[in-house]
Amino acid sequence: MTDLTQRYQQVKHDIQQAALMAGRAPDSVHLLAVSKAFAAEDVEALFHAGQRSFGENYVQEAVAKIQALKSLQPSIQWHLIGPLQSNKTAIVAEHFDWVQTVDRLKIAQRLSEQRPAHLPPLHVCIQVNLDGGHNKSGIDCMSVNFDTGAGLQALQTLACQIGLLPRLTLRGLLAIPEPYHDFAAQQMAFTRVKALFDWLNQQLHTNHPMDTLSMGMSADFPAAIASGSTLVRVGSAIFGQRAPPLWPKGQSHL
Ligand SMILES: *Cc1c(COP(=O)(O)O)cnc(C)c1O
């Protein structure tokens, strides 16, 4: 076994342990391997070790890898987990299977319009921001109050609008809380996201409730799983320490 596949097996084991400790089925948590800043060869090695879903942050870097690994389609699944600007929606709609960071209607509409007819609908998650952390990305849910209903309208409206777009399937929510070091604080932040997810599912009145709660990264996925995460996005614990981004955020390359 290589170091890469050894770390991969360890992360899979830790995910299953966290699920069992939370009284959940070990296969109820999906692992997204975050391959940003790593080469197509590393993705291919992990694919051959059994991994199918990969997360990328930067569109140009991702599309280069997706094209280099075309022979692995359709088994391989690509998720965009970085911020998406409207001038890149077409290329994203053509190349990705999932976009987890939708935070406004304009982006959703463009993705739906631009999704090629020969591909299945694009799976999307709405990115929510409950604590102001992580570059303030995501729809603002900071003042959410479940007792009064305050702060929930914008999210509910966006979810309903996405539900009407023909070429998108709303799968769930993504959140990136502020990083905390202790488990209890991590869990408190994730539990609020879970409450938001459950509340939204109740409001949607659909036959297809959202099934994906995307939260937890290398440093905090056990707490996320304890709080109900169904998809953890793990990069460095599998691939190792990252070099700085190839294409820093905000710089345009396409
Ligand atoms: C980079 C990144 C990850 C993975 O982070 P690690 O700490 O390396 O596991 C997960 N989610 C998002 C949105 C990221 O940008």
Side-chain angles (χ1 to χ4, degrees), residues 3-15 18 29-39 42-43 46 51-63 65-66 77-85 88 92 96-103 107 123-139 141 171-183 185-186 189-190 193 197 212-251:
D3 287 353
L4 177 65
T5 51
Q6 205 161 0
R7 287 191 299 260
Y8 173 57
Q9 298 302 341
Q10 182 67 48
V11 166
K12 286 209 301 185
H13 172 82
D14 292 348
I15 289 171
V29 184
H30 190 86
L31 169 60
L32 183 71
V34 177
S35 47
K36 65 169 178 235
F38 287 91
D42 294 322
V43 173
L46 213 59
Q51 179 65 21
R52 291 294 175 265
S53 311
F54 294 87
E56 288 281 342
N57 284 58
Y58 307 101
V59 174
Q60 178 165 328
E61 177 193 342
V63 169
K65 273 178 240 184
I66 292 169
Q77 297 276 303
W78 293 97
H79 294 228
L80 183 69
I81 59 169
L84 176 54
Q85 296 156 0
K88 294 189 184 156
V92 166
F96 282 83
D97 303 288
W98 285 66
V99 175
Q100 295 199 12
T101 49
V102 173
D103 62 358
I107 295 283
H123 303 282
V124 300
C125 294
I126 297 174
Q127 182 172 0
V128 292
N129 179 3
L130 280 95
D131 60 9
H134 197 76
N135 313 327
K136 311 220 179 296
S137 302
I139 189 163
C141 298
R171 296 295 299 272
L173 302 180
L174 169 141
I176 312 169
E178 277 287 313
Y180 297 102
H181 288 295
D182 70 293
F183 189 92
Q186 292 170 352
F190 288 131
V193 188
F197 177 79
T212 301
L213 182 51
S214 173
M215 56 185 195
M217 323 202 314
S218 293
D220 55 16
F221 70 80
I225 291 169
S227 312
S229 170
T230 71
L231 184 151
V232 292
R233 310 176 308 268
V234 181
S236 45
I238 297 173
F239 289 103
Q241 215 51 45
R242 273 186 297 279
L246 268 56
W247 289 286
K249 187 171 172 258
Q251 225 170 300

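Every number for a ligand or one of its atoms is a count from 1 in the order of the listing.
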Would you please name every residue forming a salt bridge (charged side-chain N to carboxylate O under 4.0 Å, His left out) with Lys36, sequence neighbours left out? none
What residues form a salt bridge (charged side-chain N to carboxylate O under 4.0 Å, His left out) with Arg7, not counting sequence neighbours? none
Name the option, out of Arg233, Met217, Glu56, Lys36, that contains the heavy atom nearest to atom 2 (C) of ligand 1. Lys36
Selection from Ala37, Ser35, Ser236 by shortest heavy-atom distance to atom 7 (O) of ligand 1: Ser236
Polar contacts were defined as any N/O atom of the residue lying under 3.5 Å from an N/O atom of the ligand; does this apply to Gly235 and ligand 1? yes
Atom of Leu80, atom of Asn57 and distance for their closest heavy-atom approach: CD1-O, 3.9 Å
May I ask you to list the atoms of ligand 1 that are less than 4.0 angstrom from any heavy atom of [X]?
{"X": "Ser218", "value": "6 (P), 7 (O), 8 (O), 9 (O)"}
{"X": "Ile176", "value": "13 (C)"}
{"X": "Val234", "value": "9 (O)"}
{"X": "Ile81", "value": "11 (N), 12 (C), 13 (C), 14 (C)"}

Would you call the rings of Phe38 and Phe239 parallel, tilted or perpendicular, taking 30° and 60° as the class edges? parallel
Over 60° means perpendicular and under 30° means parallel, so classify the ring planes of Trp98 and His79, tilted if in between. parallel
For Gln100 and Ser214, run side-chain hydrogen bond (donor to acceptor under 3.5 Å, both in side chains): C-alpha distance rounded to whole Å, both residues' side-chain angles, the deciding distance at 0.1 Å, then the answer. CA-CA 8 Å; Gln100 295 199 12; Ser214 173; 2.6 Å; yes
Close approach, Gln100 and ligand 1, non-hydrogen under 4.0 angstrom: no
